[in-house]
Amino acid sequence: MQADDLAALATDERFRLLKSRFRRLALTLVGAFLGWYFLYIALSAFARDFMALPAIGHVNVALLLGVLQFVSTFVLAWRYTRYARRMLDPLSAELRDEAGQRQAERDRERRILAERHRIENWTRR
Amino acid sequence: MTIGLFAVFIVITLGVTIWARVNTKGTDDFYAGGRGFSGPQNGLALAGDYMSAASFLGIAGIIALSGYDGFLYSIGFLVAWLLTLLLVELMRNAGRFTMADVLSYRVGKRPRVRTAAAVSTVTVSVFYLVAQMVGAGALVGLLLGIHPGETFMGISPEAAKVITILAVGMMMIFYVSYGGMKGTTWVQIIKAVLLMAGTTVLTVLVLGRFGFNPSEMLGAADARSGQPGDFLNPGLRYAKEADGIIGKLDFVSLAVALVLGTAGLPHIVGRFFTVPDARAARTSVNWAIGLVGAFYLMTLALGFGATALVGQAAITAQDPSGNTAALQLAQAVGTQVAGPLGGEILLAFIGAVAFATILAVVSGLVLASSTSLAHDFFGHVLMLGKPKESQEVAVARFSAFVIGVFAVFLAVVVRDMNVAFLVALAFAMAASANLPAIVLSLFWRRFNSTGVVCGIYGGLIGSITLVALSPVMSGGPRSLLPPPVDFHVFPLENPGLVSIPFAFLCAVIGTLLSREKADPERYSELSLRALTGAGAHGPQSTP
């Protein structure tokens with residue numbers, strides 16, 4: 001990609017918005033799942049009495065929280081995907097199309113230039 | 001009968017591989033399956049690559065013997081996929097075939113970045129590969145029911161081990177070098193479907209024995225576990241109270257490596273590039289999360305069900321580490337539901353699924369490392385990025401052969417050692433060597449090639465050194481080297497807790513100390529491309 005095209009897109013307001021949205025989304029997701037996972041690991045290592053408490057029938061707190069880890073993983077993946085689809089995909093598609101158009105324009109210019117050269121060389125001969 | 005069912009699997013997958021060969025023409029086909037797989041197809045293949053025999057038989061066995069503590073593995077293995085979900089689109093957009101494509105995007109044609117990435121990819125893959133193959137050798141005796149001292153059709157258990165490792169090696173080399181990514185992906189898809197079907201059938205039958213009431217199953221498992229009252233609580237296997245704070249840190253260290261390693265596993269990363277675009281890549285990871293999650297939830301039923309229906313005494317009698325628990329469960333449940341013949345049929349089916357699982361996972365690993373050797377090392381380092389496509393594919397086929405033979409050789413040599421730690425080590429190495437380089441490349445403007453190289457080698461050498469100096473190697477109750485030898489200075493068996501921060505530190509210090517200027521323009525280009533997919537390699541990308 002041409003440097004000035006790139007610079008134009010990179011400083012584009014929409015790209016900044018896309019970047020900041022992605023950054024916020026990524027930090028939220030990583031914070032949420034790593035925090036919750038390590039809390040659970042810490043409980044398993046250091047809060048054994050709490051984890052051994054009975055919850056439902058023979059299911060104790062440890063097993064219940066473990067199954068909740070599965071549930072939270074599914075929910076987070078679903079929420080992430082929904083957010084990305086609504087807030088990120090339209091922006092990125094717009095920018096991608098624009099980049100593609102600019103690229104196509106450059107290619108066309110280059111083709112015309114090459115053709116002109118060819119004709120000039122031919123007439124000179 | 002197991003062998004018969006397995007033979008059917010082999011015949012079908014060989015057919016698919018030969019079909020794939022006919023349709024494999026260039027590098028896009030060989031490395032990335034032509035980028036023509038749909039999200040759900042690739043999701044199945046991702047799950048197939050990920051769910052190894054170690055998780056199918058191993059985790060069921062750990063749960064059957066250690067109860068709750070086995071379940072912790074399942075959770076780490078699943079939660080890790082959220083990180084993968086976050087990185088998959090960026091990497092799909094930025095890269096072409098391998099992790100090194102992403103790492104070297106910003107730093108241009110610097111061979112040392114490619115070399116480092118290839119070294120790390122091959123090392124992680126080979127460690128994982130050897131662990132899987134030794135596991136396969138140990139399994140076959142159990143699957144065929146050969147006990148030490150007996151023979152099976154005139155074959156001793158020791159010979160059966162070697163023969164199995166050789167046979168598995170030959171099959172995987174064939175799948176990869178002949179079928180490339182297309183063939184291997186179909187093998188993974190078939191295997192994933194079989195594995196999910198097998199575990200679902202088994203889970204439904206097991207839960208059916210307890211009126212579909214999991215609590216009742218847990219109660220029965222607790223009663224027949226040999227440790228009633230403690231079986232469902234944390235601490236039977238990991239971070240035992242007797243081991244004190246070191247044991248607990250070791251446990252946290254394992255958990256860190258499991259959750260951060262997946263996104264850096266080479267055979268998982270290589271799969272990101274088999275789909276047409278980033279959206280399909282996201283879909284495929286979502287499919288993988290669904291499948292892997294369902295699978296690991298079912299391992300709960302397999303593990304606790306085995307304890308409840310087979311009993312811990314019977315499980316340890318057949319194999320002290322519990323690897324046959326799922327198979328014994330299949331036989332027991334089949335017998336209870338449909339008589340002895342039912343037991344035999346279910347056992348044969350689950351046994352064949354286990355074989356298919358091993359074969360598929362080792363093929364994925366060989367493909368990842370031969371891709372990296374051919375594309376990164378041969379294509380970009382030796383040929384300076386200008387090899388002929390046909391040349392590169394030929395090298396990739398040949399590399400698959402070399403790596404396969406090397407892994408077979410290693411596996412035969414160490415076949416009697418307890419190499420289960422290699423799987424955890426491979427995850428720790430992937431998390432230490434690959435993850436920091438990937439994350440910093442994508443998100444740190446200042447990062448440069450010295451940083452990449454320092455991060456990769458720091459993580460790789462750091463984690464291997466720590467394990468070599470740990471009780472895994474010497475001075476512990478289960479060490480590789482016999483008792484008088486003791487040179488352990490690092491107390492933890494799992495290096496992740498130290499080696500991952502160490503690798504990040506190496507990458508940062510390497511960047512700051514080198515005089516090399518980062519190229520802000522390339523960084524903008526990378527983030528533009530990673531986030532929007534502008535200029536990404538599409539389904540019909542030109543080389």
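Note on naming: letters A, B, ... go to the chains in the order of the sequence lines (proteins, then strands), and numbering restarts at 1 for each one.
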Next on the checklist: Nearest 0.5 Å, please: how far is CD in A:Gln69 from CZ in B:Phe71?
Outcome noted: 9.0 Å
Item to check | Contact class of B:Phe304 relative to chain A, heavy atoms under 4.5 angstrom | outcome: side chain
Next on the checklist: For A:Ile112, give me all partners under side chain to side chain contact (heavy atoms under 4.5 Å, CB included), at least two apart in sequence or on another chain.
Outcome noted: A:Arg108, A:Arg116
Checklist entry - Is the side chain of B:Ser215 donor-acceptor paired with the backbone N or O of A:Gly57 at a distance under 3.5 Å, no angle test? => result no
Item to check | Approximate separation, where rounding is to 0.5 Å, of B:Leu82 CG and A:Ser72 OG | outcome: 7.5 Å
Checklist entry - Do A:Arg96 and B:Asp277 meet the salt-bridge criterion of a basic N to acidic O distance under 4.0 Å? => result no
Next on the checklist: Can you tell me how far apart CG (B:Leu232) and NE2 (A:His58) are? Round to the nearest 0.5 Å.
Outcome noted: 8.5 Å
Item to check | Short side-chain to backbone donor-acceptor contact, A:Tyr37 and B:Ala255, under 3.5 Å | outcome: yes
Next on the checklist: Just verifying a value: how many Å separate A:Phe15 CZ and B:Ser527 OG, rounded to the nearest 0.5 Å?
Outcome noted: 4.0 Å
Next on the checklist: Can you tell me which portion of B:Thr283 sits under 4.5 Å from chain A's heavy atoms? Options are side chain, backbone, both or neither.
Outcome noted: neither
Item to check | B:Leu90 portion near chain A, given a 4.5 angstrom heavy-atom threshold | outcome: side chain
Checklist entry - A:Val30: what forms a side chain to side chain contact (heavy atoms under 4.5 Å, CB included) with it, not counting sequence neighbours? => result A:Phe33, A:Leu34, B:Leu83, B:Leu86
